Amino acid sequence: MKRRSLRAFALYALVIATCAILVFPIYWLLVTALSEPSQLRQLPPSFWPAEPRWGVFGQIMAERPILLWLGNSALAAIGAVAISMVVSVLAGYSLSRFRVRGGQSLGLFILTAKMLPATLLVIPLFGIFRNLELIGSLWSIILAHATLIIPFTTWMLKGYFDTIPHELEQAAMVDGCSPLGALVRVILPVSAPGLAATALYGFVLSWSDYAYARTFLTNAQGNWTANLGITTMKGEYISNWSDISAASILVALPILAIYLFLERYLVGGLTAGAEK
C-alpha cells in the first residue's frame, strides 16, 4: 500500500510539475501584458503587477487594427483549410482504399513533402504568385498555406480511413451508391471526429504562419494577418513589450476558443482506431 501511495504521489507530482512548466509561459505573457513597461526590467521580477492594466486590451484594439488583422487571418485560414480538406479527403481516401502501382511511393512522396520547411518553398511560390499577379492578395496566402497543409492532412486522413472497415462502403454500393456517393454519404459522416481534428490542425498551421505572410503581404497593409501585424509593433530602438504581449493574447484567444469548442472531436480523432 505504501509503494502504491508513493507511486501515485510521484505520478501526481510529475503531472503537476509538467502542467506548471507548460502553463507558466502563458501566465508570464499575461503578466507582461498587464504590467507597466517600467516594471518589466525591475529586479527581482514581480510575478503579478501591483496595479494590473486591464484596459490595455481595449487600448491596443483602439490604436491598432487588431480586428482587421484577425479577420484576415481567419479568412486565410478558413480558405486554406477548405481547399486542403477537399484535396486531402480525396487523396487520403484513394491512398487508403485503392491499391495501384506506385501508390506506396506516392504516399512516401507526400510524407517527404510534409518534411520540407516552409522557407524552402517561399522563393518558387513568390515567382509563381508574381506571374499570376497575386502578390499582396490574400489568395497568395490561402494557396501558400494550402501547399503547407495538404501533405499533413492527407497523411492524417489516410491513416484515419485505414481504421474504417471496407464493408461500410461495400454495403452502400450494394444499395446503389457509387464509390463517390459511398464516400460522401457513409464514410465522411463516420469520419467526423477525424475530419474535425485534421481541420483543426490545418487551421492552426495556417493561423501561426509568419514566413509566407511576411513574404507575400509586405506592401499590402490592408491584408496583413495577425502575426505579421504584431511584428510591426516592435520598434527599431524601443519596443513596448506590454502592448506586444497584450496583442499576442488577443491573437491566441480564437485558437483557444476553437480548441475548447472542438475538444471532443479532437480527442476522438486522436484516439480513433485504438481499439482496432
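Note that the structure is a prediction, hence the values are computed from the model and not measured. FYI, the numbering just counts along the sequence from 1.
- Listed by first and then second residue, the salt bridge (charged side-chain N to carboxylate O under 4.0 Å, His left out) pairs that reach into residues 122-141 come to none, sequence neighbours excluded.
- Under the 4.5 Å side-chain heavy-atom criterion for ILVMFWY residues, no single connected hydrophobic cluster contains both Leu68 and Ile60.
- One distance of note links CD1 of Ile135 with CD1 of Ile128; it measures 10.5 Å at 0.5 Å rounding.
- A side chain to side chain donor-acceptor pair (under 3.5 Å) check over residues 243-252, counting only residues at least two apart or in different chains, returns the pairs Asn240-Asp243.
- A distance of 8.5 Å separates CG in Leu67 from CG in Leu250, rounded to the nearest 0.5 Å.
- Both Phe152 and Tyr210 belong to a single network of hydrophobic side chains, linked directly or stepwise wherever heavy atoms of I, L, V, M, F, W or Y lie under 4.5 Å apart.
- Identified under the ring pair (Phe, Tyr, Trp, His ring centres under 6.0 Å) test for residues 126-146, with sequence neighbours left out: Phe129-Phe216.
- Two residues are said to be in side-chain contact when any heavy atoms from C-beta on lie closer than 4.5 Å; Phe161 and Leu95 fail this criterion.
- Under the 4.5 Å side-chain heavy-atom criterion for ILVMFWY residues, a single connected hydrophobic cluster contains both Leu143 and Ile78.
- Sorted by first and then second residue, the side chain to side chain donor-acceptor pair (under 3.5 Å) pairs involving residues 63-81 (not counting sequence neighbours) are Gln59-Glu63.
- Legend: ring pair (Phe, Tyr, Trp, His ring centres under 6.0 Å) pairs involving residues 4-32, not counting sequence neighbours, sorted by first then second residue: Phe24-Trp28, Trp28-Phe47.
- Taken from CD1 in Ile141 to CG in Leu134, the straight-line distance is 10.5 Å, to the nearest 0.5 Å.
- Rounding to the nearest 0.5 Å gives a distance of 7.0 Å between CD1 of Ile255 and CG of Leu200.
- Between the side chain of Ser137 and the backbone N or O of Ser140 there is no donor-acceptor pair closer than 3.5 Å.
- Across all non-hydrogen atoms, the minimal contact from Ala144 to Leu125 is CB-CD1, 4.1 Å.
- Residues in residues 87-96 take part in these side chain to side chain donor-acceptor pair (under 3.5 Å) pairs, two or more places apart or across chains: Ser88-Thr153, Ser88-Thr154, Tyr93-Glu169, Ser96-Asp162.
- Here the options are Thr231, Leu217, Leu138, the test is side chain to side chain contact (heavy atoms under 4.5 Å, CB included), and the partner is Trp224; only Leu217 passes.
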Requested in this report: Dump the intermediate steps for side chain to side chain contact (heavy atoms under 4.5 Å, CB included) on Arg53 and Ser242, then the final yes or no.
Outcome: CA-CA 10 Å; Arg53 301 189 308 152; Ser242 296; 3.0 Å; yes
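- Under a cut-off of 6.0 angstrom, the local environment of CG in Leu14 is crowded, with over 12 non-hydrogen atoms contributed by other residues, nucleotides or ligands.
- Here the shortest heavy-atom pairing between Pro151 and Ala146 reads CD-O, 4.5 Å.
- Note that the OG1 atom of Thr147 and the CD1 atom of Ile142 stand 12.5 Å from one another [nearest 0.5 Å].
- Side-chain contact between Ile149 and Phe203: absent, with no pair of heavy atoms (C-beta onward) separated by less than 4.5 Å.
- Residues Asp209 and Asn227 are not in side-chain contact: their nearest non-hydrogen atoms beyond the backbone lie 4.5 Å or more apart.
- A single hydrophobic cluster is seen to contain both Leu168 and Leu180, as judged by linkage of ILVMFWY side chains at heavy-atom distances under 4.5 Å, directly or through other members.
- Residues Ile26 and Leu30 are not in side-chain contact: their nearest non-hydrogen atoms beyond the backbone lie 4.5 Å or more apart.
- Atoms CG and OG1, on Leu75 and Thr225 in that order, are 11.5 Å from each other to the nearest 0.5 Å.
- Using a 4.5 Å cut-off on side-chain heavy atoms (C-beta onward), Ile150 and Trp155 make no contact.
- In this structure, Met173 and Ala182 approach most closely via the heavy-atom pair CG-CB, 4.3 Å.
- The minimum heavy-atom distance linking Ala211 with Thr215 is given by the pair O-OG1, 2.8 Å.
- The side-chain heavy atoms of Val89 and Leu195, taken from C-beta on, include a pair separated by under 4.5 Å.
- Hydrophobic clustering (side-chain heavy atoms under 4.5 Å, transitive across Ile, Leu, Val, Met, Phe, Trp, Tyr) groups Leu188 together with Val186.
- Using a 4.5 Å heavy-atom threshold, the side chains of Ser84 and Val81 count as separate.
- Two residues are said to be in side-chain contact when any heavy atoms from C-beta on lie closer than 4.5 Å; Tyr160 and Thr198 fail this criterion.
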